[in-house]
2 protein chains.
Amino acid sequence: MVRTHLNRERIAQAALDFIDEHGSVSLSMRKLGTYLGVEAMAIYRHVEGREALLDCVLQRLMSGVVDGLDEALGQSWQGYLQDIAHRIRDVAIRHPKAFPLVVTQHPAAPWIRPPIRDLDLIEHLLRTLREYGLPDDMVVDVYQSFSSFLMGHLLLEAMHAGADPTAPATAIREEEAPAPAPFGRINLDTHPTVQELSGLLQRNTSEEQFEIGLEAMIDRIEANLRS
Amino acid sequence: MVRTHLNRERIAQAALDFIDEHGSVSLSMRKLGTYLGVEAMAIYRHVEGREALLDCVLQRLMSGVVDGLDEALGQSWQGYLQDIAHRIRDVAIRHPKAFPLVVTQHPAAPWIRPPIRDLDLIEHLLRTLREYGLPDDMVVDVYQSFSSFLMGHLLLEAMHAGADPTAPATAIREEEAPAPAPFGRINLDTHPTVQELSGLLQRNTSEEQFEIGLEAMIDRIEANLRS
DNA sequence: ACCTGAACACCGTTCAAGT
DNA sequence: ACCTGAACACCGTTCAAGT
């Protein structure tokens with residue numbers, strides 16, 4: 001008797017918490033049930049099924065991005081894009097195990113481009129860019145380029161951050177390889193260039209690359225606007 | 001008695017064929033068994049489990065990229081990158097249902113950046129860029145930027161191409177909405193800008209965007225080289 | 001050496017029954 | 001109105017048994 005009173009929001013939040021901890025493949029209706037202190041099949045009274053549940057999680061994950069976005073206005077479309085980019089990056093970094101849902105869950109329409117798939121955010125983006133005076137074809141072009149950019153960078157960052165520090169599927173035998181991992185099962189002898197560049201390859205430059213790439217994309221839009 | 005003689009390659013090919021047709025979530029060991037005309041659990045004699053099976057599919061999917069890549073040499077590193085980019089794009093377009101495995105399956109090491117995750121291809125890329133005279137830190141930088149770029153563009157293209165033309169999960173009731181689909185469950189009244197730009201949004205400019213973005217990335221590398 | 005078939009522990013989902 | 005519990009059809013994986 002711990003306060004049941006199930007509802008859509010409580011379920012979505014619990015599912016997100018569970019995914020943050022154990023990953024989305026480990027989430028089952030039954031486990032989420034016991035996680036909620038309820039008999040599992042009670043969830044179906046509030047959400048249509050597992051697929052719909054993951055859609056709820058995704059929406060909860062992304063709904064925070066558009067909130068408070070208006071305050072960032074009044075500057076420039078460049079600053080506005082920077083703001084959105086960093087907000088979505090925060091989501092990807094804070095929820096690395098949940099973020100890949102943006103690509104796993106099929107969007108509601110084919111012209112929706114993850115990770116910008118929340119309709120309110122799309123509306124906000126298109127409307128705001130228009131208000132800053134960008135022509136319509138340019139507005140749509142920015143939406144599409146921007147999505148691709150975020151997708152590429154953030155999915156890779158999330159994969160990196162969300163990778164289990166725990167051992168891979170094949171359990172480690174104690175007698176072999178107490179190595180620090182990054183070249184565990186990779187034969188460096190047959191890939192000498194990888195070996196020689198291993199130091200550089202292991203450097204994590206995600207944040208710089210993100211900032212540089214974002215700047216470059218904005219520069220490219222500016223150049224297009226002038227031509 | 002149709003020639004069984006199971007082996008790793010035949011299994012991987014059959015799994016890829018199955019995924020191309022039905023998607024990777026529908027692939028089960030049992031279904032693949034009957035698809036191969038074999039008693040399902042026979043697969044375990046050749047691959048360790050479902051996860052390993054998907055890794056095999058992924059490897060088969062990408063192994064073709066590095067083959068015949070040497071012939072493209074002798075030109076310039078720009079042409080070389082263009083060649084790889086288009087080869088990987090071909091894979092994404094020809095196997096839209098299988099391509100998302102590049103992000104679903106965790107890579108063997110954290111410094112590996114999908115979709116360029118085949119070790120032979122990574123070795124080839126790093127070595128070749130070096131031979132063209134790029135400095136080491138630039139070589140690694142190109143690997144990373146290039147991966148992000150391909151990831152963003154190709155995953156979105158694959159999602160678009162692989163989306164089921166069949167109805168979504170919620171079966172369509174006959175009396176409502178015989179609409180052509182792209183705005184099926186989306187309320188356009190609350191998203192007027194989306195409505196006004198719907199014509200532009202539905203245009204498929206994936207290929208142009210890919211070519212333009214690729215060119216821009218290469219230009220950026222050239223500029224970095226001169227500075 | 002390779003495949004089979006029964007078995008185990010888990011799934012998503014449905015539905016009649018409880019309160 | 002909301003939750004329960006049994007049931008059904010499926011899973012991945014193990015293992016002794018067949019040939």
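What's counted below: heavy atoms across the whole structure, side chains too, no hydrogens, waters or symmetry copies. Proteins get letters first, then strands, A, B, ... in listed order; numbering begins at 1 in each.
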Rounded to the nearest angstrom, tell me the gap between atom [atom1] in [X] and atom [atom2] in [N].
| X | N | atom1 | atom2 | answer |
| --- | --- | --- | --- | --- |
| A:His5 | D:dC3 | NE2 | C1' | 12 Å |
| B:Tyr44 | D:dG12 | OH | P | 6 Å |
| A:Ile11 | D:dC2 | CD1 | P | 12 Å |
| A:Leu53 | C:dG12 | CG | P | 10 Å |
| A:Leu32 | C:dG12 | CG | C1' | 13 Å |
| B:Ile43 | C:dT4 | CD1 | P | 10 Å |
| A:Met29 | C:dC15 | CE | P | 15 Å |
| A:Glu39 | C:dA16 | CD | P | 19 Å |

Proximal nucleotide (of [options]) relative to the [X] side chain:
| X | options | value |
| --- | --- | --- |
| B:Arg30 | D:dT4, C:dA7, C:dT13 | C:dA7 |
| A:Arg50 | C:dT13, D:dT4, C:dC3 | C:dT13 |
| A:Val38 | D:dG12, D:dT4, C:dG12 | D:dT4 |
| B:Leu6 | D:dA7, C:dC3, D:dT4 | C:dC3 |

Exercise. A:Met41 near the nucleic acid: base, sugar-phosphate alone, or nothing, with a heavy-atom cut-off under 4.0 Å?
Worked result: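 A:Met41: base contact, heavy atoms under 4.0 Å.
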For this session: Classify the ring geometry between B:Tyr80 and B:His124 as parallel (under 30°), tilted (30 to 60°) or perpendicular (over 60°).
Result: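 Parallel.
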Exercise. Regarding A:Gln144 and A:Arg113, is there a side-chain donor-to-acceptor distance under 3.5 Å anywhere?
Worked result: no
Exercise. How about B:His106 and B:Glu51: does a side-chain donor come under 3.5 Å of a side-chain acceptor?
Worked result: no
Problem set entry | Pairwise 5' ranking along DNA chain C for B:Arg45 and A:Gly49, keeping only the more 5' one |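 With B:Arg45 and A:Gly49 compared, the 5'-side residue is B:Arg45.
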Exercise. Looking at CG of A:Leu58 and OG of A:Ser24, how far apart are the two atoms once the value is rounded to the nearest 0.5 Å?
Worked result: 11.0 Å
Problem set entry | salt_bridge(A:Arg8, A:Glu48) N-O dist < 4.0 Å | yes
Seminar exercise, completed: Dot-bracket assigned to DNA chain D with the 3.5 Å Watson-Crick/G-U criterion, [ ] for crossing and | for other-strand pairs, is ||.|||||...|||||.||
For this session: With the side chain counted from C-beta on, respond yes when B:Asp141 and A:Thr205 share a heavy-atom pair under 4.5 Å apart, and no when they do not.
Result: no
For this session: Determine: side-chain N/O of B:His46 to OP1/OP2 of C:dC3, distance under 4.0 Å, yes or no.
Result: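 Answer is yes, contact under 4.0 Å.
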Exercise. For D:dC10, does OP1 or OP2 lie under 4.0 Å from any side-chain N or O of B:Lys31?
Worked result: no
For this session: Answer yes if the ring centres of A:Phe18 and A:His22 are under 6.0 angstrom apart, and no otherwise.
Result: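 Ring-ring flag for A:Phe18/A:His22: true, centres closer than 6.0 Å.
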